[in-house]
Amino acid sequence: MSVRTRFAPSPTGALHIGGARTAIFDWLFARHYGGKFILRIEDTDQTRSTEESIAEILDAMIWLGLDWDEGPFRQSERLSVYQSHVEKLLETGKAYRCYCTPEELEARRKKAQSQGKVYRYEGKCRNSFDRACPEPAEGLTTGLKSHLENSSFAVRLMTPEIGSIVVEDLIRGTITFDAKEIDDFIIQKTDGFPTYNFAVVIDDVTMNITHVIRGDDHIANTPKQILIYEALGYETPKFAHVSMILGSDKTKLSKRHGATSTVAYREMGYLPEALVNYLARLGWSYGDQEVFSKEELVEKFTLDNVGKSPAVFNPEKLLWLNGLYIRNKPAEEIAKLVIPFLEKKGFQVTLDERLIKIVESLRERAKTLVDFAEAADYFFIEEVKYEEGAKKKFLTPEALPIFETLIDKLSSLNDFTIPEMQRIFNEIIEERGLKLVKVAQPVRVALTGGTVSPGIFEVMDILGRDKVIERIKKAVSYISNN
RNA sequence: GGCCCCUUCGUCUAGAGGCCUAGGACAUUGCCCUCUCAAGGCAGAAACACGGGUUCGAAUCCCGUAGGGGCCGCCA
């Protein structure tokens, strides 16, 4: 059978960066082997699941370019599937109804904990009368029948008391659990919803999932799930548990460490291919290679090169990769991407040759699209604002004669081209015996307001003669008045 | 506490018993380039958690120890 993987987030918040990495591995694995990738929403928690989260997760998946072949399926729409499987288990005596109340259970758990013990369900309802009479028999008075149907119960799986459960993990090898560690856990809640472990198994079975690739926080669930497969008589899929992503202090990555939501990275000006590249390399490697296109990842990704140890999320490396992608992507595409960021700053922008020139000049100084938009403001605002230190240092009386001859020479220029500008600057520095920097810096401040920008001729070229002269004149009057 | 997982430079990692004087990348330091800042180039500092085995030989295999992490719900 061909490979089928799935990504199954629970919609209780944004798509976490760690979830995104898992999704990438699942997607890559499916694509590498020419299989199918299925998206499934685990929304059986009625109180915590939200529509907004679902929308955001889908949005993030699309942004990352992780297209799915089937789904998104929702567990909440598959209740009857779970229930029929529970029925089957009840009929075959592999599961039983439990009438213990959550309060009772909680009290027993507390008591065990206070004695320093782990609480495991002791099987109180395991041998109750209920098993012998699983269904309200025909002919009961309607009153009694509805009483039985309405009395609330959960359903527990009857688990083996001795033996061991073995997980063959594609990444970690054999992991063995003692059956004693696993109690008769609940597979269907009082509200009729399946519990997570049960729903996962039923879904993976009915969706013919061949490889379950997920976070290693699920390792402890795996023996329980295997027990469900066995009770139902189904074959288990292959399991592969990927290590988690940690924060800089080596604890589970959380908001404390910075942004953890995937779409937050879009807002911070990251390119999806950079994030995917970064995340794929977190826990997976291919020799010494660091940069991979999506196609290359698909071609080269296998579980063989996935490491076992948890990885610390390193924002600097992501930033570096993002800068790399910004520098290497066609300028026109960067231009398109940067427009919303410029608009957010209140600039009117259109995708034209000028914008592309701006991209070409600024891209290698920007590590994110936000950086870019910030560095580009002097190309869009009317009035240049001088930075405090910059004007103090460079807009001085010594700059006046330079500015004045510059205005002269630029005005009389036939062609306002970069070689011509260079010629003029050379004339000035030769006449005055200056270094280029002595001219370029004051001009830079006059044109951009700061001391950092692309090459001065590029800036002049983009601004155009009128703006350049206008801004130099403004600097002249600023110096004269101060 | 119980169970499970993990352990090579600060970080991501290469490493499948001799190729290791442990390689690459980010970050970091210095130099070069240079109109500023970047980008780029060159050079440097920086790691096999510890202790026992096995072996002629161990970062690689085994066993302990220590440290870190995860899970222990009618949450997913």
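Every chain is numbered from 1, with letters handed out A, B, ... down the list of sequences.
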Using a 3.5 Å distance criterion without hydrogens, assess whether the side chain of [X] forms a donor-acceptor pair with backbone atoms of [Y].
X: A:Arg74; Y: A:Ile41; result: no
X: A:Tyr265; Y: A:Ala259; result: yes
X: A:Arg172; Y: A:Glu168; result: no
X: A:Arg465; Y: A:Leu410; result: yes
X: A:His16; Y: A:Leu253; result: yes

query: Rounded to the nearest 0.5 Å, how far apart are CG of A:Asp26 and NE2 of A:His211?
result: 10.5 Å
Distance, nearest 0.5 Å, that separates OG of A:Ser10 from CG of A:Asp43: 9.5 Å
query: RNA chain B: A:Pro9 or A:Tyr278, which has the more 5' nearest nucleotide?
result: A:Tyr278
field: Along RNA chain B (nearest heavy atom to each residue), the more 5'-positioned of A:Tyr286 and A:Ala440
entry: A:Tyr286
Hunt down the Watson-Crick or G-U wobble partner of [N], both distances under 3.5 Å, from any strand shown, or write none.
N: B:C33; value: none
N: B:A38; value: none
N: B:G18; value: B:C56
N: B:A49; value: B:U65
N: B:G10; value: B:C26
N: B:C71; value: B:G2

Atom pair distance, as rounded to whole Å: [atom1] in [X] and [atom2] in [N]:
X: A:Leu436; N: B:U34; atom1: CG; atom2: P; answer: 11 Å
X: A:Leu406; N: B:C35; atom1: CG; atom2: P; answer: 17 Å
X: A:Asp191; N: B:C74; atom1: CG; atom2: C1'; answer: 8 Å
X: A:Ile182; N: B:C71; atom1: CD1; atom2: P; answer: 17 Å
X: A:Tyr325; N: B:A25; atom1: OH; atom2: P; answer: 16 Å
X: A:Tyr96; N: B:C74; atom1: OH; atom2: P; answer: 12 Å
X: A:Leu321; N: B:A39; atom1: CG; atom2: C1'; answer: 15 Å
X: A:Glu316; N: B:U11; atom1: CD; atom2: C1'; answer: 9 Å

Considering only [options], which nucleotide approaches the side chain of [X] most closely?
X: A:Ala311; options: B:G24, B:G70, B:C12; result: B:C12
X: A:His218; options: B:A39, B:A25, B:A76; result: B:A76
X: A:Lys250; options: B:C12, B:U11, B:C4; result: B:U11
X: A:Trp320; options: B:G2, B:A25, B:U7; result: B:A25
X: A:Val118; options: B:A14, B:A25, B:C72; result: B:C72
X: A:Lys317; options: B:C5, B:C12, B:C71; result: B:C12
X: A:Ser309; options: B:C5, B:U7, B:A39; result: B:U7
X: A:Pro310; options: B:G40, B:A76, B:C6; result: B:C6
X: A:Arg172; options: B:C6, B:G69, B:A14; result: B:C6
X: A:Asn314; options: B:G70, B:C26, B:A14; result: B:C26

Nearest-angstrom distance, C1' atom, B:C48 to B:C20: 11 Å
Separation of the P atoms in B:G70 and B:G10, to the nearest angstrom: 22 Å
Using a 4.0 Å heavy-atom cut-off across all strands, classify [X] as base, sugar-phosphate, or nothing.
X: A:Phe177; value: sugar-phosphate
X: A:Gly283; value: sugar-phosphate
X: A:Ile186; value: base
X: A:Lys117; value: nothing
X: A:Ser248; value: nothing
X: A:Pro454; value: base
X: A:Ile219; value: sugar-phosphate
X: A:Thr12; value: nothing
X: A:Ala220; value: sugar-phosphate
X: A:Ser285; value: sugar-phosphate
X: A:Glu290; value: base
X: A:Arg327; value: sugar-phosphate
X: A:Lys393; value: nothing

message: Using ring centroids (six-membered ring only for Trp), state whether A:Phe292 and A:Phe301 fall under 6.0 Å.
response: no
- prompt: If you measure from the Lys or Arg side-chain nitrogens to the Asp or Glu carboxylate oxygens, is any gap between A:Lys391 and A:Glu388 under 4.0 Å?
  reply: yes
Short side-chain N/O contact to B:G73 OP1/OP2 from A:Arg109, under 4.0 Å: yes
query: Just to confirm, is there a sub-4.0 Å distance from OP1 or OP2 of B:U34 to any side-chain nitrogen or oxygen of A:Lys435?
result: no
Ignoring hydrogens and angles, answer whether the base of [N] and the side-chain atoms of [X] contain a donor-acceptor pair closer than 3.5 Å.
X: A:Asp216; N: B:G70; result: no
X: A:Arg365; N: B:C37; result: yes
X: A:Glu364; N: B:G40; result: no
X: A:Thr190; N: B:C74; result: yes

message: For a quick check under 3.5 Å, do A:Arg256 and A:Thr251 share a side-chain donor-acceptor pair by atom type?
response: yes
